[in-house]
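All values below were derived from every heavy atom in this structure, side-chain atoms included, with hydrogens, water molecules and symmetry-related copies excluded. Keep in mind it's a predicted model, so treat the numbers as computed, not measured.
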Amino acid sequence: MKKFILGTAMALVMSTAAHAETVGVSMAKFDDNFLTVLRNGMTDYAKTLSGVTLQVEDAQNDVSKQQSQIQNFIASKVDAIIVNPVDTDATTAMSKLAADAGIPLVYVNRQPVNVDTLPDKQAFVASNEQESGTLETKEICRILGGKGKAVVIMGELSNQAARMRTQDVHDVIKTDECKGLEIVEEQTANWDRTQGADLMTNWLSSGIEFDAVISNNDEMAIGAIQALKAAGKDMTKVVVGGVDATQDALAAMQAGDLDVTVFQDAAGQGKGSLDAALKLAKGEKIDKKVYIPFQLVTPANVKDFVTKN
């Protein structure tokens with residue numbers, strides 16, 4: 001009897017150990033509203049899973065630090081790695097590190113430069129950036145009646161999302177419906193609210209005239225709004241758009257300051273990336289690209305999104 005009980009206990013221990021999985025997560029930076037929601041979505045989901053442990057690290061927007069974190073994950077023999085890349089042009093080397101070690105790797109939110117040539121056991125989970133800037137710019141174009149002057153605030157140019165969203169703006173303006181829109185200024189504010197405010201202050205000081213602000217994300221749009229209001233501008237005469245539908249952005253929309261944003265399911269991307277990593281760790285086949293749809297948010301439907309991000 002004792003032998004049977006001991007054998008059963010050992011089997012349970014071995015079964016638990018076999019299903020226990022550690023996933024290393026390297027986030028580009030913790031100090032970012034959208035990425036915080038994404039990270040929390042991942043960690044909250046992990047708490048609902050039995051035997052799953054996350055080791056989450058902050059790369060502090062440093063490519064070298066992020067690569068070191070990946071190397072440390074590999075040395076620790078984690079079962080899978082999730083990366084929100086600091087620089088999407090640096091992902092080929094990261095992919096090689098993980099592939100050489102035989103450890104599954106999932107990129108989340110920011111599209112890696114090698115997305116079309118990812119090695120086996122690697123994938124990308126995000127939203128399709130061809131939708132984000134397109135939805136934003138088409139709505140701004142509609143509000144303006146297809147004509148007017150616009151300034152474009154870009155994210156970090158090392159990020160594919162910033163480049164793609166900006167290209168979306170230009171593509172929409174080339175269409176017959178929106179060819180009356182003119183871009184009078186286009187500069188980066190690196191996804192940052194303070195830099196967005198500073199950039200807008202500089203434009204206003206230079207006497208640049210515009211009817212719309214098309215921002216690659218909400219944080220920079222909010223910064224622009226702060227600068228516009230500080231300068232005494234009438235917000236009913238300026239159309240401001242962003243991307244992400246963060247809680248701060250939705251509050252700005254409800255206050256009548258932000259006109260357009262695009263909901264990007266941060267928590268859903270976090271959950272989806274962990275699901276993908278765990279499936280790859282178990283040897284399951286998954287799609288190389290997993291896209292979660294964007295949704296347009298305007299004052300008409302903003303209440304539907306208040307609790308989502």
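- There is a path of hydrophobic side-chain contacts, each under 4.5 Å, that joins Y291 to V83.
- Residue I292 is not grouped with residue L296 when hydrophobic side chains (ILVMFWY) are merged at heavy-atom distances under 4.5 angstrom, including chains of intermediate members.
- The environment of CG in D31 is sparse: at most 12 heavy-atom neighbours from other residues, nucleotides or ligands sit within 6.0 Å.
- The aromatic rings of W203 and F210 sit perpendicular, their planes meeting at an angle over 60°, well past the 30° parallel limit.
- Taking the charged nitrogens against the carboxylate oxygens, D89 and R163 do have a contact shorter than 4.0 Å, which makes a salt bridge.
- A 4.5 Å side-chain heavy-atom check between M200 and V213 finds at least one atom pair inside the cut-off.
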Evaluate the criterion side-chain hydrogen bond (donor to acceptor under 3.5 Å, both in side chains) for residue pair D168 and Q130; output intermediate values, then yes/no.
CA-CA 6 Å; D168 293 341; Q130 286 186 318; 5.8 Å; no
Starting from the C-alpha separation in whole Å, work towards a yes-or-no answer on side-chain hydrogen bond (donor to acceptor under 3.5 Å, both in side chains) for Q66 and S26.
CA-CA 7 Å; Q66 185 159 68; S26 175; 3.0 Å; yes
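- Remark: D116 does not engage K288 in a salt bridge, criterion side-chain N to carboxylate O under 4.0 Å.
- With a 4.5 Å cut-off on side-chain heavy atoms, I82 and L274 count as touching.
- Criterion: ILVMFWY side-chain heavy atoms under 4.5 Å apart, direct or through other members. Under it, L280 and V115 are not part of a common hydrophobic cluster.
- Within the 3.5 Å criterion, the main-chain N or O of A126 finds no donor-acceptor partner in the side chain of N109.
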Ring pair (Phe, Tyr, Trp, His ring centres under 6.0 Å) for F124 and Y107? Distances and angles first, verdict last.
CA-CA 5 Å; F124 170 54; Y107 293 105; 7.6 Å; no
